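The structure appears right after this line, and notes come after that.
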Amino acid sequence: MKLETQVGIVGAGPAGLILSHLLHLEGIDSVVIESRSRQYVEERVRAGLLEQGTVELLKETGAGARLEREGLTHYGIELRFGGRGHRIDFKELANRSVTIYPQNKVVADLFDIRFAAKGRIFLEAADASVHDFGDAGSRGPKPKIRFVAGGEPHELTCDYIAGCDGFHGICRPSIPEGALTVYDRIYPFGWLGILAEAPPSAEELVYAYHERGFSLLSMRSPTISRLYIQCEPDENIEEWPDERIWRELHARLETTDGWHLTEGPILQKGVTGMRSFVIEPMQYGRMFLAGDAAHIVPPTGAKGLNLAVADVRVMADAFTQFYKSGNQEALDNYSRKCLRRVWKVQRFSWWMTSMLHLFHTDNAFDQRRQLAELDYVTSSRAAAQTLAENYVGLQME
Ligand code: APR
Ligand code: PHB
């Protein structure tokens, strides 16, 4: 089947769906090609923290009704070390908040709003490939996305392709060899994460530095906790029965004031590796990459989803400028504008990760240095303010 649209989007994760939604609001047509089922995409356990800017965008564009009802707004986090907690007050330091709202609900809300608006989304689309996107001008053949849906081959002809297909997608690898520069750092540890049917044992997120390793107390609702412990990058989850996970969490989150971690049935557990990854540029010809297709951040700064949203806000603005005025300048500057934020977010995510995790290559000096950094961040307003303004989300350019 031959199809046509203005912007062909590969991937129905947060980047692809929010882009499709923002374009629709500007009267720009798009078609989304997604290899998985809606259920699979909505059930993937991913991040759960939205910057205030992300929350405002979703609410202002009509995609925030459930977020308004169910989101947990937080005005601070706790840094825990030496058995004591130290609060970073976002209200006082940055006058902004973050909201706990799981990514799978963001995606589900966007599927609802796009289908309600008769958005064209091909689910379970197989064997997608992208073609004829290399000519930035409009002289050559128009870009195409070929895929199989419902057992039938499809060819989507578009003005532009948006590669929102994540780290393992096809768009980035389809860019000719030598056109991209890769910046990559793989960390010597991962996170073992659990979802537990246990009321969160703290009002706000707790990031804990400990001689046994990093741990994080987060949450999904008043009855569901989300907790992580630093582990080996290739940790075998089979070696982590529930009792061992809880024992480690108790040890790493212990305080001297008798605080107690509430346990509960573990609903899901898994190990994720950690890396910082960026490709430059984030565009090639008539293809524009956004989100995990272009960059990966370690989860310590809770930036993955929020950076994907920032990318597609820039992309949607650029497409709007082009279709409304014919001006190509914002499209030409897409990568430059995104990368300014990407690298500042990479720096913050690397900094949080380096401050809070144990590194095999470190010695006693390094661990004292980390404790001094934590002591500085929790005792200097200037230092705390830099953490706060990055964590709640830097202002969009
Ligand atoms: N064809 C069609 N769809 C594809 C293909 C393909 N060849 N390859 C991947 N996809 C889909 C995936 O199934 C997924 O639904 O692209 C989507 C990419 O979504 P994400 O991986 O969630 O990436 P992104 O939208 O950039 O959002 C980034 O998601 O992974 C988290 O931590 C990350 O929170 C961050 C957010
Ligand atoms: C989460 O709730 O999944 C979460 C929160 C903060 C992080 C990472 C993950 O830094």
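Order of appearance sets the numbers: ligands from 1, and atoms from 1 within every ligand. The figures that follow rest on heavy atoms only: side chains count, while hydrogens, waters and symmetry mates do not. The structure presented is a predicted model; accordingly, all values stated were derived computationally and were not measured.
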At what distance is the nearest protein heavy atom to [atom], and which residue and atom is it?
atom: atom 3 (O) of ligand 2; result: Y228 OH, 2.6 Å
atom: atom 8 (C) of ligand 2; result: P299 O, 3.3 Å
atom: atom 25 (O) of ligand 1; result: A15 N, 3.0 Å
atom: atom 2 (O) of ligand 2; result: S218 OG, 2.6 Å
atom: atom 28 (C) of ligand 1; result: D292 OD1, 3.5 Å
atom: atom 29 (O) of ligand 1; result: Q103 NE2, 3.0 Å
atom: atom 22 (O) of ligand 1; result: R46 NH1, 3.1 Å
atom: atom 9 (C) of ligand 1; result: D165 O, 3.2 Å

Taking the minimum heavy-atom distance to [atom], which of [options] ranks first?
atom: atom 27 (O) of ligand 1; options: G291, P14, A12, A128; answer: P14
atom: atom 5 (C) of ligand 1; options: S35, G16, G11; answer: S35
atom: atom 5 (C) of ligand 2; options: L205, V98, L195; answer: L205

**Request:** Give, for atom NZ of K2 and atom CD of E4, the distance between the pair rounded to the nearest 0.5 Å.
**Result:**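 Answer for the NZ-CD pair, K2 versus E4, is 10.0 Å.
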**Prompt:** For ligand 2, is any non-hydrogen atom under 4.0 Å from A302's backbone (N, CA, C, O), its side chain (CB onward), both, or neither?
**Reply:**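 It is both backbone and side chain that touch ligand 2.
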**Asked** Considering only heavy atoms, does L216 approach ligand 2 within less than 4.0 Å through its side chain, its backbone, both, or neither?
**Response**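 Near ligand 2, L216 shows its side chain, while the N, CA, C and O stay back.
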Purely on distance, is any nitrogen or oxygen of [X] under 3.5 Å from one on ligand 1?
X: R44; answer: yes
X: L305; answer: yes
X: R36; answer: no
X: A293; answer: no

**Request:** Check whether any heavy atom of C164 sits under 4.0 Å from an atom of ligand 1.
**Result:**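 Contact check C164 vs ligand 1: positive.
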Cationic N near anionic O, under 4.0 Å, [X] to [Y]:
X: E70; Y: K105; answer: yes
X: E51; Y: R341; answer: yes
X: R80; Y: E78; answer: yes
X: R96; Y: E389; answer: no

**Asked** Does a donor on one side chain and an acceptor on the other come within less than 3.5 Å for H260 and T262?
**Response**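 Judged by distance alone, the side chains do not pair up.
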**Prompt:** Between Y209 and Q370, does any side-chain donor sit less than 3.5 Å from a side-chain acceptor?
**Reply:**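 A pair is found: one side chain offers a donor N or O, the other an acceptor, under 3.5 Å apart.
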Can you sort out which atoms of ligand 1 are near [X], meaning under 4.0 Å from one of its heavy atoms?
X: G304; value: 34 (O), 35 (C)
X: G166; value: 18 (C), 21 (O), 23 (O)
X: G169; value: 8 (N)
X: I33; value: 2 (C), 3 (N)
X: E34; value: 2 (C), 3 (N), 11 (C), 12 (C), 13 (O), 14 (C), 15 (O), 16 (O), 17 (C)
X: G13; value: 15 (O), 17 (C), 19 (O), 25 (O)
X: I170; value: 7 (N)

**Request:** Could you tell me whether R368 sits above the aromatic face of F365, with NZ or CZ closer than 6.0 angstrom to the six-membered ring centre and within 45 degrees of the axis?
**Result:**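 Negative - R368 is either too far from the ring of F365 or too far off its axis.
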**Request:** Validate the cation-pi geometry between R172 and F167: distance from NZ or CZ to the six-membered ring centre under 6.0 Å, angle to the ring axis within 45°.
**Result:**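 Yes - R172 lies over the ring of F167, closer than 6.0 Å to its centre and within 45° of its axis.
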**Nearest non-hydrogen partners of I237 and G270, listed with the distance** =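 For I237 and G270, the tightest heavy-atom pair comes out as CD1-N, 4.1 Å.
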For the rings on [X] and [Y], is their centre-to-centre separation under 6.0 Å?
X: F90; Y: Y391; value: yes
X: H86; Y: F81; value: yes
X: Y160; Y: F133; value: no

**Item:** Contacting atoms of ligand 2, where contact means under 4.0 angstrom from a heavy atom of T300
**Value:**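 Numbered from 1, ligand 2 contributes 10 (O).
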**Request:** State the atoms of ligand 2, each with its element, that fall below the 4.0 Å cut-off from a heavy-atom position in Y207.
**Result:**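 So the atoms of ligand 2 that pass are 6 (C), 7 (C), 10 (O).
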**Request:** Run the contact test for M352 against ligand 2 with a 4.0 Å cut-off on heavy atoms, strictly below, and give the result.
**Result:**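 In this structure, M352 fails to qualify as a contact of ligand 2 - no heavy atom is under 4.0 Å.
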**Request:** Consider ligand 2: state whether an atom of it lies below 4.0 angstrom from any non-hydrogen atom of W191.
**Result:**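 Yes, that is the case, since the closest heavy atom of the residue is under 4.0 Å from the ligand.
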**Request:** Tell me, yes or no, whether the heavy-atom count around W350 atom CH2, taken from other residues, nucleotides or ligands under 6.0 Å, exceeds 12.
**Result:**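 Counting other residues, nucleotides and ligands, CH2 of W350 stays at 12 neighbours or fewer.
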**Asked** Just by distance, do the side chain of R252 and the backbone of Q230 share a donor-acceptor pair under 3.5 Å?
**Response**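 Yes: the side chain of R252 pairs with the backbone of Q230.
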**Prompt:** Mind checking whether F189 and H357 have parallel, tilted or perpendicular rings, split at 30° and 60°?
**Reply:**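 Aromatic pair F189/H357 classed parallel.
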**Prompt:** Given W259 and E254, is the side-chain hydrogen bond (donor to acceptor under 3.5 Å, both in side chains) satisfied, shown in steps?
**Reply:** CA-CA 7 Å; W259 174 86; E254 187 181 24; over 6 Å; no
